[in-house]
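These notes are about the structure you will find just below.
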2 protein chains.
Amino acid sequence: EILEAIERYFGLSAPLAGIRALVTSGPTHEPIDPVRFIANRSSGRQGHAIAAALARRGATTLLVSGPTVEPDPAGVEVKHIETAEEMWAACRNGLPADVAVCAAAVADWRPALAAGEKIKKAKGKAPPAIALTENPDILAGLSAAGNGRPRLVIGFAAETEKLVENATAKRLAKGCDWILANDVSPGTGTFGGLDNLVHLVSAAGVEDWPRMSKQQVAEELADRIAAELKRAS
Amino acid sequence: EILEAIERYFGLSAPLAGIRALVTSGPTHEPIDPVRFIANRSSGRQGHAIAAALARRGATTLLVSGPTVEPDPAGVEVKHIETAEEMWAACRNGLPADVAVCAAAVADWRPALAAGEKIKKAKGKAPPAIALTENPDILAGLSAAGNGRPRLVIGFAAETEKLVENATAKRLAKGCDWILANDVSPGTGTFGGLDNLVHLVSAAGVEDWPRMSKQQVAEELADRIAAELKRAS
C-alpha cells in the first residue's frame, strides 16, 4: 500500500522515471582553418530547455551540445562538442535511449578540407572558394539505428519558407516520428530569441501550437513525450 | 597653484584625458544565408580589455565590437556590429580619433552572395561551394585616412606561423604604426583564452613581451599609448 502510494507519487512527479533521453542542442562549428569556421544562429535555448524539462520529469538525460553560452542544465549529463561529426559520435555513444530529441542546428555541410594553418590573404590573389562536403545526418541516422533506434525520434525543422510542407517532407525523408517545425525567417526573432512558433508534424497530421516561450515549448513537448511513451508501452 | 595641483593629479590618474580612442574587438560574422555565417575564434577579451584600460586612463573611448559574450566595459561607448562592412562604417563614423587600436579579428572575406532564403540540402545534389569576396581592410583604411588619420594606429596580427616575419610585413603593408603580433596556433589557447604572448612590432624594431594575461597586455599597451601620444605632442 505504501509502495503503491510511493509509485503513484513518483509517477505523477516523475512520469519519465526509468526513461533514457538523448537531446542535441546548439549550433555546430565546422572549421575552415585553425581560426575560421562556419556557424549558424542557433542559441541552444530550445534544446537546453527540453533537456531540462525531460530531466525534471525523471528521465536520465544526456545533452549533446554544440558551442553555446547556455549554462549546463541541472540534473543533465552534458557532452560538449564542436562539429557535426563529433555530435554524431557522441549521439551513437549515447544509445540506447528511449527518446531522442534532435534540437541542434547541425551544419548540413562542412569545409571539405580544413586547412592546418591560417589561410593568408595575399595582395592581388583572388579569395579562396570554400568547397563543402556533406555532414552526417544525425536525425536520419538515429531514426535508422535498427535495434538501437529510440522508440520516439523527434526532429526540428528550421525553415524560412513553406514551413509545414517542408517539415512534412522532412519527417518522411528522415524516418523520424515527430517534427517540430519552426519559422526562423529574419524578423521572427526565433534564432537567438526567447519565443518560438512551432507546428507539431506527426503521422497523425499537423498541430499548430500558439506562440509561446521556448521554455513553454519544452514543457509541452516533455508532457507529450511522457504521454506517448506511456501509450506505446 | 591649486589648479596646477589638480592638473598634476589628473595628469597622473588620467594621462589620456582629452584623448579620443577608437578600439575594435571581437570577431565579425559574415552571412552565408539567413541562418549560416562564417565566424572566427576571437573572444573579444583582448579588445574589450584595451578599451576599458584606455577609458580608465581618461580617454573618450568608442569600442566597435562584433558578436561576443564579453560585457560592455564601463565608461566606454560601445557600437555593436556583425559584419566587417558594418565595422568599417562604424569606425569611419568614429573619426576623428587620436589613437585607433584594431584588435578585432575582422574576416578577410565574406560570401560573395548572401542568400535571402536558407540554402536547402537536397538528396543527390552536390553541396554548394561558397564563393568569397574581399572585405574592407579596416586597419589599412584607418592608416590611410588622410587628414582623418589617427596619430597612432595599432593593429594585431594573429598568426599560426612565422609570427614576427609576417607581422613586420603586415605593419608595412597596412601603413600602421605598431603591430601587436600574437601566436594563435592551436594549443596556445590564445583565441578564447585568458593569456596572450605578444611581440610589439614598430619602426624601432621588435619587442618580445613576456607571457601575461590579456588584462596585463591591455594595461601595458595603454601605458605605451599614453607615453607615445605625450612624446609626439
Side-chain angles (χ1 to χ4, degrees), chain A residues 27-42 67-69 82 105-112 114-135 137 140 157-162 166 169-170 173 184-188 190-192, chain B residues 27-42 67-69 82 105-112 115-135 137 140 157-162 166 169-170 173 183-188 190-192:
Chain A
T28 65
H29 286 180
E30 307 295 334
I32 297 170
D33 66 20
V35 298
R36 302 179 178 97
F37 54 92
I38 298 177
N40 63 65
R41 297 192 188 281
S42 169
T68 155
V69 300
E82 288 225 338
V106 182
D108 289 319
W109 307 288
R110 66 177 179 277
E117 300 289 344
K118 185 183 173 194
I119 303 168
K120 306 285 296 175
K121 185 169 81 165
K123 225 171 186 159
K125 209 176 93 179
I130 303 174
L132 299 176
T133 191
E134 213 159 292
N135 264 329
D137 187 325
E159 304 285 349
T160 56
E161 49 181 351
K162 290 185 281 184
N166 282 337
K170 181 171 180 173
V184 296
S185 303
T188 62
T190 298
F191 261 24
Chain B
T28 66
H29 287 180
E30 308 295 334
I32 297 169
D33 66 19
V35 299
R36 302 179 178 99
F37 55 92
I38 297 177
N40 65 65
R41 297 192 189 280
S42 170
T68 155
V69 299
E82 288 225 336
V106 182
D108 289 319
W109 307 288
R110 66 177 180 277
E117 301 288 344
K118 185 183 172 193
I119 303 168
K120 306 284 296 175
K121 185 170 81 165
K123 228 176 182 151
K125 209 175 91 179
I130 303 175
L132 299 176
T133 190
E134 211 159 294
N135 264 330
D137 188 323
E159 305 286 347
T160 56
E161 50 181 350
K162 289 185 282 183
N166 283 336
K170 181 170 180 175
D183 188 345
V184 297
S185 302
T188 62
T190 298
F191 262 22

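Proteins get letters first, then strands, A, B, ... in listed order; numbering begins at 1 in each.
- Taking NZ of A:K118 as the start and CG of B:N166 as the end, the distance is 9.0 Å to the nearest 0.5 Å.
- In this structure, the separation between NE2 on B:H29 and CG on A:N40 is 10.5 Å, given to the nearest 0.5 Å.
- For chain B, the option among A:P111, A:A173, A:A39 with the highest count of heavy-atom pairs below 4.5 Å is A:A39.
- Across A:W109 and B:K121, no two heavy atoms sit closer than the pair CZ2-CA, 3.8 Å.
- Only the side chain of B:E159 comes within less than 4.5 Å of a heavy atom of chain A; its backbone N, CA, C and O stay farther away.
- Rounding to the nearest 0.5 Å gives a distance of 7.0 Å between NZ of B:K170 and NZ of A:K120.
- Residues B:K125 and A:E134 share a closest heavy-atom pair of O-OE1, 4.3 Å.
- The contact between A:I119 and chain B is made by backbone and side chain atoms together, counting heavy-atom distances below 4.5 Å.
- When every heavy atom of B:T133 is checked against every heavy atom of A:P127, the shortest pair comes out as CA-CG, 3.9 Å.
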